[in-house]
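Report on the structure given below.
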Amino acid sequence: WGEAASASDISLEPGLWSLSNFGEVLIATIGNGKTFTWNAGAGSPLTTRASTTTSNFQTNNNPTATRITLTSPTTRHLIHLGTETTIGNTSTQDDMFIRFSDREAINVYTPTATNTAGSQRLQDGTKIMSAIRSKENILVWTDNSLYLMKFVGAPFTFGFEQVGTNCGIIGKNAVIQIDGAAFWMSSKGFFLYDGTVKSLPCSVEDFVYDNFDTTKGQQVYAGLNNLYTEIVWYYPSNGSEYNDKYVVYNYDMDIWYYGTLNRTAWIDRGIDDFPIAAGTDGKLYFHEYEIDDQSGSSPVAVESFIQSAPIDLGDGETFSYVRKLIPDVTFRTSTNPTPQVDFTVDAFNYNGGLQVSTDTAN
């Protein structure tokens, strides 16, 4: 206290983009910066850059310092979250202030008796961290709470209801939505909102948070692997500059698992047959393809493993038998004509004793 911070002690948030659609027009806002539009329906769209002066979709009257933007799901208001109280004056940016445009008019923000533009300031938290569209509502997270933003009509346009506290999100992209339910990662654990906020019990929570650099929470990226009912969070471990770890929640089987992998973004299968993730090497990777491209070398079959937690057999003359192993995987015979599964048991003769590995069976 009372001592000036050195430059090495200052952490800056990454320049995350907010991307939203207004029909065929892309609305893009750089974190804590301006909002741009790009019209896919314009003549020669690939040679026209996004700008604040796109014909018929100008944003030159928009706030110039905004944390997040999105369009409302049914009313087509453009909403700025964590934005300026005085438009055009970046020094007035308030991390808890929300401003929304007139309906169907993304460049009109001055409230009048004949339009639906307006603003609202949230109270619980220090900054707005994330927001997503959820059915006909919008979920807004601060670093401490969750708000429900819904269209209520005149005279207020939008109503705000706090639906959770002590459940703030760790980063803008740390949430994923499935069938109206939102799952997210906070600095304290995992949460679920399906009409009410619930803590999501995690069997590997201590392992994750004991080696998680929460100061880089804005790098966390949540992805959905819908075919295998998995939600994955990529996060940076202590000492890492980028995401190098992941934790997965299988919401169908209600189990957790984790691993090591460098990924910074994720999109589930859709127009492509496989999910696509971005690596820290600047490349895009297909997932669930069952081969490893070795970053340019010849593809090889992926070697994977699963390891259980210790199983306590109790005291005395107690035995356990493993009769069968059924691998729930699909093998590509063209890349792996002779698949093999190895099964190894590590045992302890007594509590605190040395680990003894048995022979491996395959």
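Sequence positions, counted from 1, serve as the residue numbers for this chain.
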TODO: Linking directly or through intermediates, with side-chain heavy atoms under 4.5 Å: list the remaining ILVMFWY members grouped with Ile231, chain and number order.
DONE: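 Ile231 clusters with Ile170, Ile176, Ile178, Phe183, Met185, Phe190, Leu192, Leu200, Val204, Phe207, Val208, Tyr209, Phe212, Val220, Leu224, Trp233, Tyr235, Val247, Tyr249, Tyr251, Trp256, Tyr258.
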- [ ] Run through the side-chain heavy atoms of Ile, Leu, Val, Met, Phe, Trp and Tyr, join any pair under 4.5 Å, and report what else lands in Val232's cluster.
- [x]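 Its cluster mates, by chain and number, are Tyr221, Tyr234, Tyr246, Val248, Met253, Ile255, Tyr257, Leu261, Trp266.
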How would you list all residue pairs meeting salt bridge (Lys or Arg N to Asp or Glu O under 4.0 Å) that involve [range], not counting sequence neighbours?
range	value
residues 102-120	Arg76-Glu104
residues 215-240	Asp213-Lys216
residues 185-204	Asp194-Lys198

Within this structure, what is the [atom1]-[atom2] distance for the pair [X] and [Y], rounded to the nearest 0.5 Å?
X	Y	atom1	atom2	result
Gln177	Leu139	CD	CG	6.5 Å
Asn39	Ser55	CG	OG	8.5 Å
Thr75	Ile138	OG1	CD1	7.0 Å
Thr110	Asn61	OG1	CG	8.0 Å
His80	Ser18	NE2	OG	10.0 Å
His287	Leu227	NE2	CG	14.5 Å

- [ ] Any chance you could lay out the side chain to side chain donor-acceptor pair (under 3.5 Å) test for Asp94 and Thr85, step after step, and finish with the verdict?
- [x] CA-CA 7 Å; Asp94 183 339; Thr85 57; over 6 Å; no
Hey, are [Y] and [X] close enough side-chain-wise for a donor-acceptor pair under 3.5 Å?
X	Y	value
Tyr109	Asn62	yes
Glu84	Thr64	yes
Thr165	Asp124	yes
Thr83	Thr66	yes
Lys245	Ser237	no

Under 3.5 Å: donor-acceptor pair, side chain of [X], backbone of [Y]:
X	Y	result
Thr52	Thr59	no
Thr54	Phe57	no
Asp268	Pro275	no
Thr86	Asn89	no
Trp184	Cys167	yes
Thr74	Glu136	no
Asn243	Gln219	yes

Task: Test: Arg263 cationic atom under 6.0 Å from Tyr285 six-membered ring centre, within 45° of axis - done: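 Yes, a cation-pi geometry holds between Arg263 and Tyr285.
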- [ ] Carefully, step by step, assess Asp281 and Asn262 under the rule side chain to side chain donor-acceptor pair (under 3.5 Å).
- [x] CA-CA 9 Å; Asp281 56 2; Asn262 297 312; over 6 Å; no
Open item on the list: Classify the ring geometry of Phe100 against His77: parallel below 30°, tilted from 30° to 60°, perpendicular beyond 60°.
Closed with: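 Phe100 and His77: perpendicular rings.
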Between [X] and [Y], what is the shortest heavy-atom contact and its length?
X	Y	answer
Ser134	Gly180	OG-O, 3.9 Å
Pro45	Trp38	O-NE1, 3.0 Å
Tyr147	Gln162	OH-OE1, 3.4 Å
Gly82	Ile128	N-CD1, 3.7 Å

TODO: Go through the structure and list residues passing salt bridge (charged side-chain N to carboxylate O under 4.0 Å, His left out) with Lys127, not counting sequence neighbours.
DONE: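 Checked Lys127 against salt bridge (charged side-chain N to carboxylate O under 4.0 Å, His left out); matches are Glu13.
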TODO: List the steps and the verdict of side chain to side chain contact (heavy atoms under 4.5 Å, CB included) for Thr71 and Arg133.
DONE: CA-CA 8 Å; Thr71 53; Arg133 294 182 290 189; 3.0 Å; yes
